Amino acid sequence: MNYFPASTATPLRGGPTLRWGVLAPGRIAADFVQTLHANSDQRMHAVGSRSLDRSTAFAARFGIERAYDSYERLVADPGVDIVYVAAPHSEHRVLALLAIAAGKHVLIEKPIAASTREAVEIAETAARLGLIAMVGHTFQFNPAVNAVRDLLLQHELGQVYYISGTRVNLGLFQPDINVLWDLAPHDISILLHVLGVDPVWASATGESYVQKE
């Protein structure tokens, strides 16, 4: 017997096709564009970097039509509907507000900004201009996470009192930012999505390991 509810995940195919622009073409941006093209009808229309060589190479790698040598030129492109900000967290506020000021919707890698104040500024500015500003909390679209949420809503799992999570990050950790701000947003977003309530208390500890050759 299958105890899991049917998946309620929204199909990635169909619906309006947006023309995307990406700011800061690094490793995370490459993963995003590859997944976007492979699993949806959405297409990356333009890429912007402070280095034309870098944006041109990125565009050639993923079949992107336009490459720009500045962030300002990308957000000014009338062919771009929405901007994906993949820069380091310290640049999220500046680049998100740049895109919003140009009339673009914006998807920002987590964390949305380097402080609560900056996050609120981004959200309020976008709302005032009638634009969407969203942070890349992907797990709320994960079928397994939504199955757990549905089971809780159906009172199949009882009352949740405590949640513990372990995350192994195989990428590069940024030592100048708090681990709760850098690595834990995904886990906290799962908590908010599944339970629908703010956490009362949260803490995190972390260790770094360097793989020897």
Side-chain angles (χ1 to χ4, degrees), residues 18-36 42-62 64-140 169 171-189 192 204 206:
L18 300 177
R19 295 167 298 180
W20 289 73
V22 57
L23 297 180
R27 179 180 60 84
I28 292 177
D31 291 343
F32 178 84
V33 174
Q34 184 175 12
T35 301
L36 188 79
Q42 307 298 309
R43 286 296 175 267
M44 193 60 64
H45 174 76
V47 52
S49 171
R50 287 172 293 190
S51 164
L52 182 59
D53 289 342
R54 190 177 185 191
S55 61
T56 300
F58 192 91
R61 177 182 175 187
F62 294 105
I64 299 173
E65 181 180 341
R66 300 178 185 180
Y68 292 110
D69 61 357
S70 75
Y71 302 138
E72 291 79 8
R73 291 190 64 196
L74 182 138
V75 301
D77 185 337
V80 172
D81 302 309
I82 181 169
V83 171
Y84 170 58
V85 176
H89 65 275
S90 58
E91 305 302 312
H92 286 186
R93 172 189 172 275
V94 171
L95 296 184
L97 293 177
L98 180 72
I100 291 168
K104 313 298 185 185
H105 303 296
V106 63
L107 173 64
I108 309 161
E109 261 303 327
K110 61 85 188 165
I112 188 171
S115 69
T116 302
R117 178 184 57 79
E118 291 184 0
V120 169
E121 181 183 9
I122 292 170
E124 291 183 345
T125 303
R128 186 169 62 249
L129 297 177
L131 297 169
I132 295 173
M134 184 175 181
V135 63
H137 287 166
T138 58
F139 284 101
Q140 69 188 74
N169 184 48
L172 297 177
F173 174 66
Q174 302 175 61
D176 60 331
I177 190 169
N178 184 285
V179 66
L180 271 174
W181 202 249
D182 188 38
L183 299 180
H186 282 313
D187 305 280
I188 294 176
S189 74
L192 296 174

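As the structure is a computational prediction, the values presented were derived from the model and not from experiment.
- Nearest heavy-atom pair across L95 and A87 is CD1-CB, 3.6 Å.
- Taking CD1 of I132 as the start and NZ of K104 as the end, the distance is 14.5 Å to the nearest 0.5 Å.
- The nearest pair of heavy atoms linking T125 to I100 is CG2-CG2, 3.9 Å.
- Separating the CZ atom in R73 from the CZ atom in R66 is a distance of 10.5 Å, to the nearest 0.5 Å.
- For the residue pair A30 and R61, the shortest heavy atom distance occurs at CB-NH1, 3.8 Å.
- The two residues V47 and A59 come nearest to each other via the heavy atoms CG1-CB, 3.9 Å.
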Could you give me the CA-CA distance, side-chain angles and deciding distance for H105 and D81, then say whether side-chain contact (heavy atoms from CB on, under 4.5 Å) is met?
-> CA-CA 7 Å; H105 303 296; D81 302 309; 5.6 Å; no
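- The shortest non-hydrogen separation linking A29 to P25 is CB-CA, 3.9 Å.
- L107 places a side-chain heavy atom less than 4.5 Å from the side chain of W20.
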side-chain contact (heavy atoms from CB on, under 4.5 Å) between D77 and H45: does it pass, once the steps are laid out?
-> CA-CA 10 Å; D77 185 337; H45 174 76; 3.7 Å; yes
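- When side chains are defined from C-beta on, V85 does not count as touching Y71, because their heavy atoms never get closer than 4.5 Å.
- Between atom OG1 of residue T56 and atom CD1 of residue I64 there is a gap of 11.0 Å, rounded to the nearest 0.5 Å.
- At least one side-chain heavy atom of F58 sits under 4.5 Å from a side-chain heavy atom of V22.
- Proximity of Q42 to I82: side-chain heavy atoms (C-beta onward) are nowhere separated by under 4.5 Å.
- With values rounded to the nearest 0.5 angstrom, L18 atom CG is found 12.5 Å from R43 atom CZ.
- When all heavy atoms of A113 and A119 are compared, the pair lying nearest together is CB-N, 3.7 Å.
- E109 contributes no side-chain N or O that, together with a main-chain N or O of A86, makes up a donor-acceptor pair within less than 3.5 Å.
- Counting heavy atoms from C-beta outward, L74 and V83 have side chains that approach closer than 4.5 Å.
- Once rounded to the nearest 0.5 Å, the distance linking CD of E121 with OG1 of T116 reads 13.0 Å.
- The aromatic rings of H92 and H89 sit perpendicular, their planes meeting at an angle over 60°, well past the 30° parallel limit.
- Under a 3.5 Å cut-off, the side chain of S55 and the backbone N or O of L52 do form a donor-acceptor pair.
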